[in-house]
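Here the structure comes first, spelled out in structure tokens, and everything after it is commentary.
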Amino acid sequence: MQPILREVGIARQRSWIGGAEAAALVGSLLAAALLGWLLTVDAKLGLLFALAACAAPLALSAGLSARGWAIALALAGHLVAGPLYIHGLVSSSFALLLDALVVFAFLALAFQPRSPARAWRVATLAFVGLMAIEAFNPLLPSFGYGMTGARSFIVPFLLLVAVGSGRLERRDERVLLTVGVIGWIVNVLLAGRQLIFGFTGAELQWIESSNATFLVGEQVRLLGATRSNQDFAFLVAIAFPAVIAAVLARRRGPRWRLGFGLLAVATVVVLVGSLVRSGLVAGVVGAIAVLAVMARDRVTQRRLLVSAAALAVVLWLVASFGLRLVLPEKEAATVSDRVTSIFAPSQDYAFQQRETVVWPHAVHEIGAHPLGAGAGSAGPLSQTREDAPLGPLVPDNGYLLVAVQFGIVGLALFVSVLILLAVELWRRARRGAVIAAAGFGAVLALIVAMATGNFVSLVSPSCAWAVLLGLGLRAPASR
């Protein structure tokens, strides 16, 4: 009799927990829905609602492990902390707190049961070790400079290992997924408000002070809830495949498909409106990869073929006509021209500059320093420091960016990590793991985006990418 009563008690407890999680999710979505309007009226109230939206799943997460807490808080911070910086509510030291959470989650693996050796984990840790060594490169002005440059690469890959290794409870994984979904909804709402109603004075002041390219014609690139337009472009490029994977998930009810279907349409709008072509192309390629990996039988292949055609039509309609319904004629034309310029890159001035000036210069530096010029010798840090060893050098190509800093060996390790991650996630996705399919799409998105972008050096979206991949790597590889 006692065992039966115990089982009943556990069942009731699980039922209550499930109801609490559902209540937290609904409350979070309602709070997020108010965010876009509140930020146009009172920025601080809007920020409070943004924090409430992402904190709600954590508030009712009794039983969440210490590692789960650290990862969830770091993820929430990286997803929605942009407005906190913009409105001066936190300083740059806030990033150190998020880094400390990531390092804690990684070091806590030492107290976990030893995981079986995986090729992707070995390659990732080897790459992290090489990046740490390059912080001591004698070409760099100081060790502090090197650690600052290496941080943007090391932190996301440590987080990838922390999430993809060791033991996480099923509850931890659900909370991480919930935080990720709500964090993306907050970004979509903010980006939608920026696209349709414009930027606030504080946002424009922040954008102008960043010394980054932010105008395309008269249209300002979107920030969402991130700190830069490049951060948002990378984030939307990895979020789009994940949302498509959720829409196509099997054995889900109509409310699930309707909710994620609406989120997919909204994601398409901000993807097109982001005005960053590398992110747009990467997001579409990632979504196609998701469609391909989830097509496991003939019936599913036909269904996904129809979905792919529908996706192409929606993208074309949004870029050609949809934005004209909500944007002034000149701004809508800017977005449409930006999208169509993807098909004629040789006619674009920025692309011509990369081909004739930027990329040859980066290749020359790689030849001069085949073992690497040190962490931070290229990328955003080199633009802000007068003592950068190679001067201001931003290759606008992720592979060249890695090779300049970490040498040919570093580039080989980095490419090996991406290939091994793609293979692992493909195997799991083919077994029906939706989160693995989303991760596979995110890997392909990064591989494509880095051909014309420096996305891999962006800490916040890279950390979101790492959590998504880590959860995908936890899916069973066989059944």
For the residue pair [Y] / [X], report whether a side-chain donor-acceptor contact shorter than 3.5 Å exists.
X: W120; Y: S416; answer: no
X: R121; Y: S165; answer: yes
X: S65; Y: D172; answer: yes

Subject >> Centroid separation F153 to F406 less than 6.0 Å >> reply: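 Centroid separation for F153 and F406: below 6.0 Å.
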
Taking [X] for its side chain and [Y] for its backbone only, find out whether a donor-acceptor pair lies under 3.5 Å.
X: R428; Y: A433; answer: no
X: R385; Y: S377; answer: no
X: N187; Y: A225; answer: yes
X: N454; Y: D396; answer: yes
X: R257; Y: A249; answer: yes
X: W184; Y: L263; answer: no
X: S152; Y: V459; answer: no

Mind checking whether [X] and [Y] have side chains closer than 4.5 Å, heavy atoms only?
X: W69; Y: V175; value: no
X: V402; Y: M450; value: no
X: V188; Y: V236; value: no
X: E134; Y: Q405; value: no
X: F455; Y: D231; value: no
X: F234; Y: V276; value: no
X: R193; Y: T200; value: yes
X: L159; Y: I71; value: yes

Measure the [atom1]-[atom2] distance between [X] and [Y] for me, rounded to the nearest 0.5 Å.
X: R167; Y: R474; atom1: CZ; atom2: CZ; result: 10.0 Å
X: N229; Y: I207; atom1: CG; atom2: CD1; result: 7.5 Å
X: L75; Y: C463; atom1: CG; atom2: SG; result: 8.5 Å
X: L158; Y: L107; atom1: CG; atom2: CG; result: 8.0 Å
X: L381; Y: L393; atom1: CG; atom2: CG; result: 12.0 Å
X: T124; Y: L420; atom1: OG1; atom2: CG; result: 8.0 Å

Nearest non-hydrogen partners of [X] and [Y], listed with the distance:
X: M294; Y: L248; result: CE-O, 3.7 Å
X: I238; Y: P461; result: CD1-O, 3.8 Å
X: V404; Y: A378; result: CG1-CB, 3.7 Å
X: Y85; Y: A95; result: OH-N, 3.4 Å
X: A429; Y: A436; result: N-CB, 3.6 Å
X: R67; Y: V163; result: NH2-N, 4.4 Å

**OP:** Please lay out, stage by stage, how E424 and F440 fare under the test side-chain contact (heavy atoms from CB on, under 4.5 Å).
**Re:** CA-CA 9 Å; E424 286 284 344; F440 178 73; over 6 Å; no

**OP:** Verify side-chain hydrogen bond (donor to acceptor under 3.5 Å, both in side chains) between Q194 and E203, making sure each step is shown before the conclusion.
**Re:** CA-CA 9 Å; Q194 293 162 359; E203 288 171 339; 3.3 Å; yes

Subject >> Worked check of side-chain contact (heavy atoms from CB on, under 4.5 Å) between L223 and L190 >> reply: CA-CA 8 Å; L223 287 178; L190 266 175; over 6 Å; no

Original post:
Among L425, L177, L469, which residue meets the side chain to side chain contact (heavy atoms under 4.5 Å, CB included) test with I435?
Top reply: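 In the set L425, L177, L469, the residue that makes a side chain to side chain contact (heavy atoms under 4.5 Å, CB included) with I435 is L177.
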
Subject >> side-chain contact (heavy atoms from CB on, under 4.5 Å) between W465 and L235, intermediate numbers included >> reply: CA-CA 8 Å; W465 176 85; L235 191 59; over 6 Å; no

Original post:
For R430 and V293, what are the C-alpha separation, side-chain angles and deciding distance, and is it a side-chain contact (heavy atoms from CB on, under 4.5 Å)?
Top reply: CA-CA 6 Å; R430 294 297 289 178; V293 78; 3.8 Å; yes

